There are 2 protein chains.
Amino acid sequence: MRRTPVGRQTRARGIPEATVARLPLYLRALTALSERSVPTVSSEELAAAAGVNSAKLRKDFSYLGSYGTRGVGYDVEYLVYQISRELGLTQDWPVVIVGIGNLGHALANYGGFASRGFRVAALLDADPTVVGSSAAGLPVRHMDELESIVESQQVSIGVITTPPGAAQQVCDRLVEAGVTSILNFAPTVLTVPDGVDVRKVDLSIELQILAFHEQRKAGEEPEAEEEPAPSRAPGPVRAAAAKLRRAAGGAKETKDAGKDAKAEPRGESERSAVMPA
Amino acid sequence: MRRTPVGRQTRARGIPEATVARLPLYLRALTALSERSVPTVSSEELAAAAGVNSAKLRKDFSYLGSYGTRGVGYDVEYLVYQISRELGLTQDWPVVIVGIGNLGHALANYGGFASRGFRVAALLDADPTVVGSSAAGLPVRHMDELESIVESQQVSIGVITTPPGAAQQVCDRLVEAGVTSILNFAPTVLTVPDGVDVRKVDLSIELQILAFHEQRKAGEEPEAEEEPAPSRAPGPVRAAAAKLRRAAGGAKETKDAGKDAKAEPRGESERSAVMPA
DNA sequence: TAGATTGTTAATCGATTAACAATC
DNA sequence: TAGATTGTTAATCGATTAACAATC
């Protein structure tokens, strides 16, 4: 259905985004099995290790091709290779990291990059007091060198770990220099031209989502006390009301403890809240 | 439809997970407007600032209640308050960070936490050479103190930034001590009992997803050269084949450049690849 | 062969989007 | 009033899941 008319050994294209986002999970689980020299694995076992359900895993794999053996399972090594290839991890990806603060340092040292074909081509910073220092055995170089590094090392992926104020400007320079994929850790929405991919990691978003659910675990009162009625008055009056409420502040909000006030295992969200059985 | 039978001013519960995940984006955009003293904003403007489309934003807000004014837009301050309240950010959330390496340091210093009601109650580490040092003005304390800190400070959220090998064990102790929400930065699938939420941030997954799309930008050949036919032989033979191919290694894979080989703007994925127009 | 497990179908569920009536 | 913009509907799209025929 999603599959393109299948020729002889042409595999389907148009792998769903949700599937792509899970391939790294499978790959990690498979790599662990491989290191333990486990030769084959069933969809049930692998799904458990990756924290998803087995029907989803089989469906996901079906987009890649028929790499399993009925009655037996999947060959671990073969699948590691196929998924790696599908993700593009069988080739070398030079990346630059821009903004070498705490987070830039952490990323430069992060083992998960190198082991997956990502090679830190350079660490860059605009601050002269940081330039010249070293992180993860690499020298921190000045932003001025960005263009020449991107060009000479054929860098197509940039990682932004600058303060939010500098992110768009850095992004523009990366794109101008030829980078076509950007991983943004700065809490800013980046604007990029067509053909450039941006993905974002916001360290506080996940925490906020946890707070949302945590809040619901707390308020179990069946008959909850009501919020003051939302004012129907126009803007300014509302704003004033908001300030008043905010001033009232810290008071724990119980309000309507609804049907899902109970801890709700969210299953596999896109963002992969993993709750294996 | 999703709405519970509506009483007088009871707002809907059961906000979709996808909506919850976007509330922090809206909140950030609104906070920026608030700092510029912008009094009201339309769904169109706010959507652009948050990097989503306006229909989605209005739909999202409709789950929270009717906080806009037709013909006018939304009162910025009022909406900041409502979203903060919905996310549970109007209360104080003490968190512990376990594992004070580079990433733990980065998180301890991360401004986005404090500004949203998250307070670092303690930094913990098992390594005696790290214990006693300080990060972000806080002393690093020994793991032994975990239980007493969680109890005395009523900590319900724990952040794990340990090496992968230690993560499950740390998780178990956190849960045992009373923590019911866990943000996991270690690349491991954590097992937790019902009622405990786990969210995961994997720094390399996003990079792998970028690589997947980057790979497709490169191979534009209309008639692509085929992959060697997937072997239909059983396990061991495949494994051998895989090893052979891997040895052949670095060679750039062009293979089937399918219909979506072109750079595909992914729109708003769950993981929020933001590509504003 | 009998047992195991894949790959696929089809039903269901949830999320996105355009369009527009309601209404400020 | 006329213009603007929300809140909601309904259609569409995409993702999940259980179930099972195919087949090792």
Side-chain angles (χ1 to χ4, degrees), chain A residues 1-3 6 11-12 14-22 40-48 51-75 78-79 230-238 260 264 266-273, chain B residues 1-3 6 11-12 14-22 40-48 52-75 78-79 230-238 260 264-273:
Chain A
M1 197 171 283
R2 291 206 130 260
R3 308 190 130 232
V6 181
R11 269 181 317 312
I15 300 175
E17 218 23 62
T19 296
V20 173
R22 281 188 295 266
T40 60
V41 67
S42 70
S43 61
E44 200 70 55
E45 292 164 331
L46 182 55
V52 306
N53 95 25
S54 67
K56 193 188 280 180
L57 176 142
R58 287 198 301 277
K59 186 86 168 125
D60 284 341
F61 286 179
S62 77
Y63 294 115
L64 309 184
S66 293
Y67 295 149
T69 305
R70 289 167 207 241
V72 176
Y74 300 91
D75 180 88
Y78 187 63
L79 205 46
S231 162
R232 300 257 113 235
V237 177
R238 288 194 182 173
D260 52 356
E264 36 175 14
R266 274 189 320 298
E268 297 304 315
S269 84
E270 197 64 19
R271 199 62 175 83
S272 48
Chain B
M1 196 170 282
R2 296 207 126 255
R3 308 191 128 232
V6 180
R11 269 181 317 312
I15 300 175
E17 208 39 50
T19 296
V20 173
R22 281 188 294 265
T40 60
V41 66
S42 71
S43 61
E44 201 69 55
E45 293 164 330
L46 183 54
V52 306
N53 95 24
S54 67
K56 194 188 280 180
L57 177 143
R58 289 199 300 278
K59 185 82 168 134
D60 283 341
F61 286 180
S62 77
Y63 293 116
L64 309 182
S66 294
Y67 295 147
T69 306
R70 288 168 206 245
V72 177
Y74 299 91
D75 180 87
Y78 186 63
L79 205 46
S231 163
R232 300 258 112 233
V237 177
R238 288 195 184 174
D260 53 357
E264 36 175 15
R266 275 189 318 296
E268 298 305 314
S269 85
E270 196 66 20
R271 201 61 174 80
S272 47

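Note that the structure is a prediction, hence the values are computed from the model and not measured. The sequence lines fix the lettering, A, B, ..., with proteins before strands; numbering per chain opens at 1.
When all heavy atoms of A:Leu64 and A:Tyr67 are compared, the closest pair comes out as O-OH, 3.3 Å. The two residues B:Ala47 and B:Asn53 make their nearest non-hydrogen contact at CB-C, 3.8 Å.
Counting to the nearest Å, the C1' atom of D:dT6 and the CG atom of B:Leu79 are 13 Å from each other. Between the OH atom of B:Tyr63 and the P atom of D:dT6 there is a distance of 17 Å, given to the nearest Å. Distance A:Asp60 CG to D:dA15 P: 10 Å, rounded to the nearest Å. Across the protein-nucleic acid pair, B:Leu57 atom CG and D:dT8 atom P stand 14 Å apart, rounded to whole Å. Taking atom OH on B:Tyr78 and atom C1' on D:dT6, their separation rounds to 15 Å, with Å as the unit. Look at CD on A:Glu45: it is 7 Å from P on C:dT5, rounded to the nearest Å. Rounded to whole Å, the distance from CD on A:Glu17 to P on C:dT16 is 13 Å. If you take OH of B:Tyr67 and C1' of C:dC24, they are 19 Å apart, rounded to a whole angstrom.
A search for ring pair (Phe, Tyr, Trp, His ring centres under 6.0 Å) contacts involving A:Phe61 returns A:Tyr26, A:Tyr74, not counting sequence neighbours.
Stem analysis of DNA chain C (Watson-Crick or G-U pairs, both distances under 3.5 Å, runs of at least three) returns C:3-24 with D:3-24.
Rounding to the nearest 0.5 Å gives a distance of 7.5 Å between CD of B:Glu45 and OG1 of B:Thr40.
The side chain of A:Arg22 sits closest to D:dT16 out of D:dT16, C:dT16, C:dT6.
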Grab the N/O contacts between the protein and nucleotides 11-13 of chain C below 3.5 Å, and write none if there aren't any.
none

Tabulate atom names and distances for all N/O pairs under 3.5 angstrom spanning the protein and nucleotides 18-20 of chain C.
unit_1: C:dA19; atom_1: N6; unit_2: B:Arg58; atom_2: NH2; d: 3.4

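Scanning atom types as modelled, one donor and one acceptor separated by under 3.5 angstrom connect the side chain of B:Arg70 and the base of D:dT6.
Regarding contacts with the backbone of D:dC24, every side-chain N or O of A:Thr69 stays at 4.0 angstrom or more from both OP1 and OP2. B:Ser42 has no side-chain polar atom (N or O) that falls below the 4.0 Å cut-off from OP1 or OP2 of D:dT5. Between B:Tyr74 and D:dA4 there is no side-chain polar atom (N or O) within less than 4.0 angstrom of OP1 or OP2.
Residues A:Leu46 and A:Leu79 are in side-chain contact: their nearest non-hydrogen atoms beyond the backbone lie under 4.5 Å apart. Between B:Ser54 and B:Arg58, the closest side-chain pair of non-hydrogen atoms falls below 4.5 Å.
Closest-nucleotide positions on DNA chain C for B:Gly71 and A:Val72 were compared, and the one nearer the 5' end corresponds to A:Val72.
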